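Notes for the one structure printed next.
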Amino acid sequence: MNTVSDYFGSLVFDDRVMKANLSADVYKSLKKTIDEGARLDDKVADAVATAMKDWAISKGATHFTHWFQPLTGITAEKHDSFITPAPDGRVIMEFSGKELIKGEPDASSFPSGGLRATFEARGYTAWDPTSYAFIKGKSLCIPTAFCSYGGEALDKKTPLLRSMEALNKQAMRILRLFGNTGVKCVRTSVGPEQEYFLVEKEMFDQRKDLIFTGRTLFGAKPPKGQEMDDHYFGVIKPRVAAYMAELNEELWKLGILAKTEHNEVAPAQHELAPIYGTTNIATDHNQLTMEIMQKVARKHGLVCLLHEKPFAGVNGSGKHNNWSIATDTGVNLLTPGETPYENAQFLLFLCAVIKAVDDYQDLLRLSVATAGNDHRLGANEAPPAVVSIFLGDELNAVLDAIENDAPYSGAEKTVMKLGVHVLPRFTRDTTDRNRTSPFAFTGNKFEFRMLGSSNSIACANIMLNAAVAESLKIYADRLEKADDFESALHDMIKKTIKDHKRIIFNGNGYDDSWIKEATEKRGLLNLRTTPDALPEILNPKNVKMLTSHKVFSEAEIRSRYEITLENYCKSVNIEGLTMVDMAKKEILPAIETYASELATSYGVKKAAVPELGGKYEKKLVAKLSALIDQIDEAAEALEKALVKLQTVEDITEESVMIRDEILPLMAALRLPCDEAETMTSEKYWPFPTYEDLLFGVR
Ligand code: ADP
Ligand code: MG
């Protein structure tokens with residue numbers, strides 16, 4: 001086990017292992033289930049389970065677990081051992097097909113948003129055979145979906161798989177119209193680029209805010225921040241390099257294609273990108289990646305922060321969701337082709353995305369809405385909360401030419417007629433990469449950049465797949481009925497460009513003037529915060545679209561609305577309580593001790609040499625005392641408001657109160673605390689500062 005290719009995937013029950021450990025018949029049936037979703041017969045399931053168990057035991061596993069993604073956003077697992085008592089008092093190791101296919105975790109504490117009455121505690125997990133089982137620690141992990149007994153999804157995987165199916169169905173209709181009969185299915189692929197911070201564990205442990213909320217709630221700006229841009233792509237420090245090396249190894253063993261790693265813009269910030277894969281597998285892998293990032297960090301005396309905004313005044317962390325659609329025959333439908341027909345097909349898929357993003361801006365925005373991500377979107381470091389698409393000059397010129405029946409210079413000054421003319425090859429322009437766009441076309445894929453670093457990528461991809469499925473459905477409905485396919489196609493593409501060009505913006509998304517133009521001139525949505533964005537999921541047009549493609553039922557939509565909003569409220573509530581606690585028990589006593597030391601020293605000096613003055617001490621004591629009073633008042637106001645928050649019953653109302661009252665009160669408490677930090681002796685400050693945290697890992 002020394003070269004990467006020796007151990008890559010060594011902890012995964014992948015195709016290679018299946019082939020080697022299953023009889024030819026069983027392997028064939030299982031493949032059919034994986035590729036075509038065919039039902040697995042009980043005997044086959046038993047054979048697969050036994051092979052999985054034997055393989056897992058040979059790798060040191062003693063337990064199995066159905067691994068799933070409840071709506072808490074993290075993954076859940078409940079471990080059962082393989083042991084079964086034998087009559088002679090010993091144990092044998094058993095694992096049946098039934099146990100593989102279905103599990104019944106006592107899941108009453110997972111959020112269900114009212115879908116599962118508490119007396120009906122059981123939900124069940126169902127094996128997702130398209131995502132390989134793997135070993136983590138001493139457990140065989142079986143990727144599963146998690147549903148209520150009524151069949152409603154209680155997780156993120158189920159609707160994700162449904163959304164992929166919806167897109168597959170509509171995309172296949174379009175491909176058939178283009179005479180493409182060889183393709184069996186269409187899948188979306190994702191490569192998520194993951195940002196994170198590393199801090200010293202010893203420092204982390206001294207900060208309640210990091211421990212309880214994952215972000216700093218206090219902290220004055222250090223003398224040096226990210227202004228020198230000397231961290232981005234900079235030389236990786238030895239400790240961080242050692243961390244990355246072990247992280248890669250762990251990920252590779254799990255068959256995760258960790259590919260790129262580099263330092264990010266902020267000090268102590270880094271990024272990891274995998275090679276892209278099928279969306280549901282990429283989602284599983286991203287969840288695992290986040291988990292392993294944190295686990296490996298601990299081994300190196302570090303803590304990996306996945307929060308969207310661990311430090312004020314320093315860039316936060318996002319996750320870029322690179323997304324494309326491809327056929328099972330390996331054709332990327334977002335790449336211009338060699339023939340006029342392929343080009344027309346490319347343009348149609350491109351238009352489907354443009355229309356989807358414009359029609360469902362709200363769904364895309366709310367799919368990334370969390371308390372943490374609210375600190376990023378619109379803060380001049382991440383894309384704004386306004387959704388728009390970047391296409392680049394070349395593609396833009398093509399669309400312009402089509403819209404206006406004007407000659408396109410790239411195609412020998414002829415008027416573009418789809419289905420007749422070959423589009424120029426789009427070269428991926430590396431010099432003109434727009435990094436401020438929320439949704440950028442990057443040559444053969446779209447990069448959705450609004451996701452927060454801790455977000456599961458499931459939500460964004462559910463909405464994206466569903467919205468694009470809807471565009472394709474509208475196109476297919478029309479084209480299937482058209483007498484003249486080519487002109488119907490041409491008209492439809494033209495109409496899409498006309499109707500939806502408002503969503504296309506190739507300028508600087510960080511510019512304030514863009515927000516003005518977007519909202520005032522173009523009528524685009526600016527859903528700034530989570531409480532602004534989430535209610536849009538209940539908008540009848542969204543409910544209609546999502547239910548018509550069977551991505552969600554109405555009850556599931558409502559439950560998701562409530563759970564997501566509840567997560568938002570709970571997170572901010574914990575932040576508020578932590579602030580009050582830190583202010584009262586740590587910050588105030590520290591400033592007080594320092595101020596009284598100064599006062600004592602003033603008194604001593606005055607007594608010794610009355611004419612000396614003690615101007616410095618006097619001034620500082622006065623300032624610190626004033627700040628102490630301000631902090632005390634602000635902490636009390638916040639505490640009071642948090643008590644009042646508990647009396648609000650309606651979750652929507654609660655979220656609005658958080659947005660309008662709690663968050664401003666938190667900011668008001670932070671301000672005097674941060675100011676006091678700049679005047680208090682380092683010796684007295686009760687926890688590590690920004691300087692310590694950001695520059696501490698050496
Ligand atoms: P960048 O310039 O943004 O760094 P890269 O080409 O390095 O772009 O890709 C970034 C991410 O996009 C990687 O995870 C990569 O695997 C993924 N990616 C590349 N091509 C595709 C594609 N066709 N579909 C989905 N993801 C892709
Ligand atoms: Mg990128």
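All ligand and atom numbering here is 1-based and tracks the order in the structure. All values below come from the heavy atoms of this structure, side chains included, with hydrogens, waters and symmetry mates left out. This is a predicted model, so every value here is computed, not measured.
- Close N/O approach between S189 and ligand 1 is not found [any backbone or side-chain N/O within under 3.5 Å].
- The closest donor-acceptor contact from the side chain of N526 to the backbone of A385 lies at 3.5 Å or more, if one exists at all.
- Checked against a 3.5 angstrom limit, the closest N/O atoms of S324 and ligand 1 fall inside it.
- The G191 neighbourhood of ligand 1 comprises atoms 14 (O), 26 (N), with distances under 4.0 Å to a heavy atom of that residue.
- Residue contacts with ligand 1: E447 is included, with a non-hydrogen atom under 4.0 Å away.
- Counting the atoms of ligand 1 from 1 in the order shown, those under 4.0 Å from a heavy atom of N332 are 23 (N).
- Counting heavy atoms under 4.0 Å from ligand 1, residue K259 does not touch it at all.
- When only interatomic distances are considered, the shortest N/O to N/O separation between A273 and ligand 1 does not fall below 3.5 Å.
- Among residues two or more places apart in sequence or in another chain, the salt bridge (charged side-chain N to carboxylate O under 4.0 Å, His left out) test is passed with D155 by none.
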Handout entry: Evaluation steps, ring-ring contact (aromatic ring centres under 6.0 Å, His included), between F505 and F390
Key = CA-CA 5 Å; F505 175 63; F390 169 84; 9.2 Å; no

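- Residues W67 and F134 place their aromatic rings such that the two centres sit under 6.0 Å apart.
- Counting only distance, with no hydrogens or angles, the side chain of T278 and the backbone of N280 share no donor-acceptor pair below 3.5 Å.
- Using a 4.0 Å cut-off between heavy atoms, E193 contacts ligand 1 through its side chain alone, with no backbone atom that close.
- Contact annotation for T442 and ligand 1: no heavy atom of the residue comes within less than 4.0 Å of the ligand.
- Distances below 4.0 Å separate heavy atoms of P274 from the following atoms of ligand 1: 13 (C), 14 (O), 15 (C), 16 (O).
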Handout entry: Steps toward side chain to side chain donor-acceptor pair (under 3.5 Å) verdict (D374, T530)
Key = CA-CA 7 Å; D374 280 1; T530 301; 2.9 Å; yes

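- Counting heavy-atom neighbours within 6.0 Å of K299 NZ, excluding the residue itself, gives a total of 12 or less.
- For ligand 1, the atoms closer than 4.0 angstrom to any heavy atom of I275 are 16 (O).
- The nearest non-hydrogen atom to atom 11 (C) of ligand 1, considering only L257, T278, N322, comes from N322.
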Handout entry: Step-by-step side chain to side chain donor-acceptor pair (under 3.5 Å) determination, E308 to S454
Key = CA-CA 7 Å; E308 282 73 24; S454 69; 2.7 Å; yes

